[in-house]
Amino acid sequence: MKESLMDIICCPMDKHDLDLEVETKDDEEIIEGSLTCSECGEVYPIEDGIPNLLPPDMRDEAAA
Amino acid sequence: MKESLMDIICCPMDKHDLDLEVETKDDEEIIEGSLTCSECGEVYPIEDGIPNLLPPDMRDEAAA
Amino acid sequence: MSASEEFDSWAAEGRDKGMEDRHWHTTKHALARMPVEAGDTVVDLGTGSGYALRALRETAGIGRGYGLDGAPEMARNAADYTDDDAVGFLVGDFDALPFADESVDHVFSMEAFYYARDPIHTLEEIKRILRPGGTFYCAVNYYEENEASHEWQDNIAIEMTRWNRREYREAFREAGLHVAEQDTIADREIEIPPAEAFPTDDWETRAAMVDRYRTWGTLLTVGVKP
Amino acid sequence: MSASEEFDSWAAEGRDKGMEDRHWHTTKHALARMPVEAGDTVVDLGTGSGYALRALRETAGIGRGYGLDGAPEMARNAADYTDDDAVGFLVGDFDALPFADESVDHVFSMEAFYYARDPIHTLEEIKRILRPGGTFYCAVNYYEENEASHEWQDNIAIEMTRWNRREYREAFREAGLHVAEQDTIADREIEIPPAEAFPTDDWETRAAMVDRYRTWGTLLTVGVKP
Ligand SMILES: Nc1ncnc2c1ncn2[C@@H]1O[C@H](CSCC[C@H](N)C(=O)O)[C@@H](O)[C@H]1O
Ligand SMILES: Nc1ncnc2c1ncn2[C@@H]1O[C@H](CSCC[C@H](N)C(=O)O)[C@@H](O)[C@H]1O
């Protein structure tokens, strides 16, 4: 994902802003990292350049 | 015209309500009569069952 | 010659019926898209023979349809073509609509809008008479991208507004309408003769006729009252 | 099986590309009607291969396009199919959109909306993320009037919502969107074999296939955020 995506995304649960943490970057592209809700503290992963903003219960279901 | 048209028409100039005067009627159809603006007093003719709600200057132009 | 006189003479010559037949090819597709519900009140601006309202009564069960036209002859003819009590006609001008604020569910207009003397003001008037969420379905064959239409101005004394697609969207927004859709509706029904038949009385080349009808056709811009 | 798993397996089998090819016949007409301007931000819900956003970048010059999909495999494939910096993909669910209030100009969705667990709530979410005057172009092939589509539910474990045209309009309004347009867009491109070829693997009769594609096709409902 590009950092410009931060302008419009939010926590899917409470719609508050997200804080970005970058682990790996390739040019402008954020490859691995996480997005943390500034309100509820929920952490959403960025994997393979794609943020996973499924509600936590559905994310866990999908990973199961 | 039908009297129910009165629900939605207004004076084309100042958009105020119109007062209906019926001269001839055929069943529900008003054939001849007039519509007078409750605010500016302008009189609009009903002829052949059709109200003429052109602004006065255009009506006179058309009739000329 | 005033607009009333010009179009009164068209009506007297029976051109209202001719337009109905030709415009129907694309008008019917625009009408079919309108989100009208049974019982709605619909106004048709520059109604000509009034066919759009007759169609909406039949297909969508609108509650009332009012056709406005600047030419008394047009309105009289239109009234003669129907005995439906729920359809009525009146004489009026696009610049000064004789309808109360928010009194109308939807407004339709085919091949007429560009005759408005002050088209932005007409859009403001349309916005005024629509209830919130009401739509204006504005269909025109005379527009910038439809090149064959440009010469129509030469045959008529009234000044016509020739906007392109973007100008239509911008004007709607300037008047305070949201733009929900813009599309060109091709006329697939008009018969286009084989290449050997060209030039015809009306067309230099077959390509020009195809461009006019199949490529461009009718420009539809849909506005919504916020 | 969860929706993610179901659609992840579709993506792994390459069905995303197959859908792109088939859906394009009607999707392109819906996209062409959208009142997008250069620079707009557009979200595609249930983006699949992401083709709608690629098309809008090319034809309308949108500024940014974001494709949301519940299946990580779909989003990964979609990201692989483009190297356009202005197009991005994310994993998320229709019921809990991860976009800020009024942050998006237009929302598009093809053949995906009816998978929403709580479709009215999804419409409310769409209304929330659109800026005033923004549109939701909702296109579906699975709907009540399209009878051949009814059996699709038998082949998929996820519950699908099968509304008719009126129910779509009512649901949009219930969620607070104005309905600006509703139309069925016929698929004129799919090849329909001559009568002798029927029954085929997929179709009992030629009439049923004609009904599915030429008569009904894709139902488009357009909502506008007030
Ligand atoms: N300024 C104006 N105010 C009201 N009506 C006007 C007008 N200028 C032109 N018209 C009317 O607009 C019509 C255009 S011809 C189109 C008629 C009809 N809608 C159809 O599709 O066939 C004519 O009937 C003409 O009288
Ligand atoms: N609840 C949900 N939330 C997000 N995406 C969903 C979803 N349910 C289904 N989807 C996604 O919706 C897509 C439907 S298939 C349609 C794909 C694409 N729009 C096209 O026209 O080809 C799948 O990619 C699926 O993963």
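Computed from heavy atoms alone, side chains included, the values below leave out hydrogens, waters and symmetry copies. Remember, it's a predicted structure, so these values are computed and weren't measured experimentally.
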Give a yes or no on this: more than 12 heavy atoms of other residues, nucleotides or ligands lie within 6.0 Å of atom [atom1] of [X].
X      : atom1 : answer
C:D83  : CG    : no
D:E159 : CD    : no
C:Q153 : CD    : yes
C:E204 : CD    : no

Structural part of C:R33 lying under 4.5 Å from a heavy atom of chain D: both

D:V224 and its side-chain contact (heavy atoms from CB on, under 4.5 Å) partner, picked from C:H178, C:E181, C:K225: C:H178

SB check D:R169 C:E37 (cutoff 4.0 Å): yes

Largest heavy-atom contact set with chain D, pairs under 4.5 Å, which of C:T135, C:D183, C:L177: C:D183

Side chain proximity check, D:R165 to C:P35, heavy atoms < 4.5 angstrom: no

